[in-house]
Protein chains: 2
Amino acid sequence: MGTKERRLREVEVREQLFLDATRELIRQEGLLNLQMARIAEKCDYAVGTLYQHFGSKEDLLVALAADNLQHRVDLFRRVGEWRATTRDRMIGIAVADLMFVRLYPEHFRLAQLAFTEVVWDAASPERRRMALDALEPMVLVCHQIIEEAERCGDLQLKGMTPQQLGLGPAAMTLGTHTMVHVKGVVDLGEMGDLYLLMMKHLHCLLNGFGWLPLFEPSDDAALKQMITRICSEVFNDIVCR
Amino acid sequence: MGTKERRLREVEVREQLFLDATRELIRQEGLLNLQMARIAEKCDYAVGTLYQHFGSKEDLLVALAADNLQHRVDLFRRVGEWRATTRDRMIGIAVADLMFVRLYPEHFRLAQLAFTEVVWDAASPERRRMALDALEPMVLVCHQIIEEAERCGDLQLKGMTPQQLGLGPAAMTLGTHTMVHVKGVVDLGEMGDLYLLMMKHLHCLLNGFGWLPLFEPSDDAALKQMITRICSEVFNDIVCR
DNA sequence: GCAAATTTTGAATCAAATTCAAAATTTGAT
DNA sequence: ATCAAATTTTGAATTTGATTCAAAATTTGC
């Protein structure tokens with residue numbers, strides 16, 4: 001009987017409806033003013049129905065963060081499949097994030113909250129698992145690039161596992177995203193484009209790893225050109241800087 | 001008249017009492033279960049009095065994060081005054097953070113929440129200013145090290161300002177702290193000590209900057225020895241790893 | 001010693017998440 | 001097509017916990 005399956009699909013559709021509505025409400029009124037009742041109302045359902053999908057507000061927030069991550073994964077995958085040097089692809093991962101930030105400008109603010117003890121621990125274990133699973137393929141893409149880099153001699157792991165080496169760039173990008181999204185921590189006036197700066201630091205880090213071919217980070221023009229090239233080769237269907 | 005001043009001091013003492021009680025409650029029962037009424041009760045004051053100091057719960061959280069930062073600053077300053085090479089001192093900043101994490105194991109979890117839009121924007125502007133001001137001296141210490149490194153030829157800025165260069169290590173440490181403190185994001189079993197790994201990545205980054213003297217990051221023993229040395233020379237009065 | 005000003009108090013209020021019994025709908029057998 | 005059982009939806013009622021504010025207590029200035 002297909003009845004059960006149809007129902008299952010309907011539930012899934014509605015769940016997505018709730019998530020999209022939540023995303024829109026956050027964009028319109030900010031995380032601060034997000035209310036469960038408003039979400040239900042916006043979708044013409046009763047609050048009780050919303051709670052059938054998400055055990056709590058925290059659960060919903062984690063679910064939304066995980067949902068956003070699906071899209072981030074898509075961008076990472078493109079980079080993974082891109083025919084380019086391993087170093088270009090590693091940098092490409094960071095460029096994918098720049099794209100992701102434009103497509104989901106609220107994601108990192110949401111994620112910062114969702115991974116906070118207060119929210120994370122209040123979400124259901126299943127939801128947490130889903131979020132961690134959503135992270136998994138991104139990690140995988142990075143490791144594959146790192147492994148290939150080692151195989152072809154672009155990179156020496158020097159006793160680190162690919163996982164361990166990957167954590168450096170990951171920490172740097174995560175840290176940057178955090179700083180960018182907290183209002184007031186960095187004086188943007190005198191810092192310029194933080195994300196451009198991040199790309200530069202990432203190059204320095206990769207140089208420090210000895211990841212070939214080395215790149216001269218002081219050459220701003222070359223750096224910008226590289227970003228533009230990656231955008232046009234990998235993300236040319238997405239609006240670009 | 002000293003009456004006014006005495007009163008002012010009393011208020012300050014009480015504010016600290018509230019902050020310390022909050023810190024303890026968080027350690028005991030977790031951020032999740034923090035309640036304003038409990039804090040007041042623990043200090044034998046009415047909730048109204050607590051609200052005289054902190055306009056809202058969010059205000060209190062930001063205040064506590066800022067208060068913690070004072071202690072982080074103290075550790076940073078020691079490093080700033082340490083007689084050692086500029087590179088050792090830069091690494092020393094990260095070691096200071098390791099110390100800080102032991103002294104205030106809840107800080108980064110709290111900070112992640114406090115700098116979240118939901119909390120940050122709900123705190124009073126004065127409180128936000130205080131928190132940003134608390135950050136300032138830390139930034140300053142780092143810049144001084146970077147500037148001295150350039151002056152004495154240990155480091156080439158290559159077109160970056162000291163502020164801009166400092167953001168790289170800052171992003172990397174912030175990102176690491178975040179990953180360490182969210183349960184489940186990194187499989188600690190196969191990653192080993194994340195903070196030791198961070199030190200290694202930091203060395204790679206500094207190598208990538210060309211910060212002299214270069215350090216071979218694959219030499220685990222030397223890395224650990226370096227950390228131990230910094231602990232004993234700079235933090236020998238604090239319990240050490 | 002007393003009235004005005006200030007501070008403290010905590011019961012009352014309020015906001016918003018969450019629940020759950022009743023109503024509506026769907027299912028499956030006849 | 002009809003009906004009873006099972007499932008789903010509903011939203012008013014409950015709960016939780018932050019916040020307020022009028023009354024009580026205390027301090028100040030004369």
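Order of the sequence lines sets the chain letters (A, B, ...), proteins ahead of strands, with each chain counted from 1. Side chains included, hydrogens not; waters and symmetry mates left out as well; all remaining heavy atoms used. These figures come from a predicted structure and were not determined experimentally.
- For A/Arg127 and A/Phe54, the positive end is not near the middle of the six-membered ring at less than 6.0 Å and at most 45° from its axis.
- Between the side chains of B/Glu106 and B/Asn68, no donor-acceptor pair is found at a separation under 3.5 Å.
- To the nearest angstrom, P of C/dA17 lies 12 Å from CG of A/Leu25.
- Contacts of B/Glu41 with the nucleic acid, taken as non-hydrogen atoms under 4.0 Å apart, are absent.
- Spacing between atom CG of B/Leu32 and atom C1' of D/dG17 amounts to 13 Å, rounded to whole angstrom units.
- Between C/dT27 and A/Arg7, no contact under 4.0 Å exists linking OP1 or OP2 to a side-chain N or O.
- Out of D/dG11, C/dT9, C/dA17, the shortest distance to the side chain of B/Tyr45 is found at C/dT9.
- Of the candidates D/dG11, D/dT20, C/dA17, the closest approach to any side-chain atom of A/Ala46 belongs to D/dG11.
- A/Ala94 and A/Leu202 get closest at one heavy-atom pair: CB-CD2, 3.4 Å.
- Nearest-nucleotide mapping onto DNA chain C: of A/Leu34 and A/Gly48, the residue sitting toward the 5' end is A/Leu34.
- Aromatic pair A/Phe76/A/Phe100: centroids not less than 6.0 angstrom apart.
- Distances shorter than 4.0 Å separate none of the side-chain N or O atoms of B/Arg38 from OP1 or OP2 on D/dT16.
- Of the residues listed (B/Ile93, B/Leu165, B/Val79, B/Leu167), the one engaging B/Cys142 in a side chain to side chain contact (heavy atoms under 4.5 Å, CB included) is B/Ile93, and it is the only one.
- Taking 4.0 angstrom as the limit, A/Thr49 places none of its side-chain polar atoms (N or O) nearer than this to OP1 or OP2 of D/dT9.
- Within 4.0 Å (heavy atoms only), B/Glu10 reaches no atom of the nucleic acid at all.
- Among the nucleotides D/dG17, D/dA12, C/dA16, the one closest to the side chain of A/Val47 is D/dA12.
- Here C/dA29 sits opposite D/dT2 as a Watson-Crick or G-U wobble pair (both hydrogen-bonding atom distances under 3.5 Å).
- Distance B/Asn33 CG to D/dA18 C1': 15 Å, rounded to the nearest Å.
- Residue B/Gln52 places at least one side-chain N or O under 4.0 Å from the OP1 or OP2 atom of C/dT8.
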